[in-house]
Amino acid sequence: MSVSVDMPNGATEKLEPASIFVIRDPTNFEREESPEVQSCLWGGGYRIYSIEPVVALAEKFSELKFARLVAPEGMTLLVSAERVTDRDERSAVRDHKLTRSVLCFGPGPTAPRVRVRETKEDLILTWEKLGLEIDCFE
């Protein structure tokens with residue numbers, strides 16, 4: 001069942017909860033571009049900028065098991081833990097120095113990925129607290 005998300009200028013967007021990877025605050029640049037935007041929802045093939053705060057969206061999508069993680073730059077991310085399929089080590093060449101894990105949302109090199117500060121051990125503890133299998137980290 002899709003959920004309505006409030007957008008700028010009075011519009012709404014309907015999203016399937018199972019399609020969401022990450023909910024986060026907007027970056028400074030995104031806020032400068034659209035001051036009314038309070039959150040970003042990222043999923044397979046889309047980024048939606050909503051006027052609803054992250055906490056309201058977390059409630060709307062409460063059927064998802066969100067892991068509260070931290071991006072390398074320090075931003076809090078709500079990651080849909082059940083959608084994570086794999087974890088890679090950081091790339092010393094491509095990734096921010098504070099990246100500890102790269103979470104994958106699907107197979108292959110073109111799968112969506114999100115970088116986080118948490119180590120493999122941190123992630124395993126978080127997944128266990130959420131009651132999820134940890135086989136995506138092995």
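Given the structure is predicted, the values throughout are model-derived calculations rather than measurements.
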Can you give each donor-acceptor pair under 3.5 Å made by side-chain atoms of residues 55-70, sequence neighbours left out, with the distance rounded to 0.1 Å?
{"unit_1": "Lys60", "atom_1": "NZ", "unit_2": "Ser4", "atom_2": "O", "d": "2.6"}
{"unit_1": "Lys60", "atom_1": "NZ", "unit_2": "Glu52", "atom_2": "OE1", "d": "3.1"}
{"unit_1": "Lys60", "atom_1": "NZ", "unit_2": "Glu52", "atom_2": "OE2", "d": "2.9"}
{"unit_1": "Ser62", "atom_1": "OG", "unit_2": "Glu59", "atom_2": "O", "d": "3.3"}
{"unit_1": "Lys65", "atom_1": "NZ", "unit_2": "Leu130", "atom_2": "O", "d": "3.1"}

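- The salt bridge (Lys or Arg N to Asp or Glu O under 4.0 Å) contacts involving residues 19-42 comprise Arg24-Glu30, where partners must be two or more places apart or lie in separate chains.
- Partners of Trp42 by ring-ring contact (aromatic ring centres under 6.0 Å, His included), not counting sequence neighbours, listed by chain and number: Phe21, Phe105.
- Taking Tyr46 as the reference, nothing meets the ring-ring contact (aromatic ring centres under 6.0 Å, His included) condition, with sequence neighbours excluded.
- Applying the salt bridge (charged side-chain N to carboxylate O under 4.0 Å, His left out) rule to Arg100 yields no partners; only residues at least two apart in sequence or on another chain are considered.
- Within the structure, salt bridge (Lys or Arg N to Asp or Glu O under 4.0 Å) contacts touching residues 123-132 (residues at least two apart or in different chains) do not occur.
- With Lys120 contributing its side chain and Phe137 its backbone, the two residues share a donor-acceptor pair below 3.5 Å.
- Linking ILVMFWY residues whenever their side-chain heavy atoms come closer than 4.5 Å, directly or via other members, leaves Leu123 and Leu125 in distinct clusters.
- With sequence neighbours excluded, the residues satisfying salt bridge (charged side-chain N to carboxylate O under 4.0 Å, His left out) with Glu89 are Arg87.
- For the atom pair Ile23 CD1 and Cys40 SG, the distance stands at 9.5 Å (nearest 0.5 Å).
- Checking side-chain atoms of Arg90 against main-chain N and O of Ser101 turns up no donor-acceptor pair under 3.5 Å.
- Taking hydrophobic clusters as Ile, Leu, Val, Met, Phe, Trp and Tyr residues chained together by side-chain heavy-atom distances below 4.5 Å, Val54 shares a cluster with Ile20.
- For the atom pair Trp127 CH2 and Leu132 CG, the distance stands at 7.5 Å (nearest 0.5 Å).
- Across every non-hydrogen atom of Pro8 and Val37, the tightest pair is CG-CG2, 4.1 Å.
- Here the closest non-hydrogen pair linking Pro17 and Ser2 is CD-CA, 4.5 Å.
- Listed by chain and residue number, nothing satisfies the salt bridge (charged side-chain N to carboxylate O under 4.0 Å, His left out) test with Asp86 (two or more places apart in sequence, or in another chain).
- Under the 4.5 Å side-chain criterion, counting only non-hydrogen atoms from C-beta, Asp122 is not in contact with Val116.
- With sequence neighbours left out, the side chain to side chain donor-acceptor pair (under 3.5 Å) criterion links Asp6 to no other residue.
- Annotation: side chain to side chain donor-acceptor pair (under 3.5 Å) contacts involving residues 107-118, sequence neighbours excluded, comprise Asp88-Arg113, Asp95-Arg115.
- Residues meeting the side chain to side chain contact (heavy atoms under 4.5 Å, CB included) test with Glu121, sequence neighbours left out: Thr119.
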Distance-only criterion, 3.5 Å: show the donor-acceptor pairs between side-chain atoms of residues 71-85 and protein atoms not counting sequence neighbours.
{"unit_1": "Arg83", "atom_1": "NE", "unit_2": "Ala18", "atom_2": "O", "d": "3.4"}
{"unit_1": "Arg83", "atom_1": "NH1", "unit_2": "Ala18", "atom_2": "O", "d": "2.1"}
{"unit_1": "Thr85", "atom_1": "OG1", "unit_2": "Cys104", "atom_2": "O", "d": "3.2"}
{"unit_1": "Thr85", "atom_1": "OG1", "unit_2": "Gly106", "atom_2": "N", "d": "2.8"}
{"unit_1": "Thr85", "atom_1": "OG1", "unit_2": "Gly106", "atom_2": "O", "d": "3.4"}

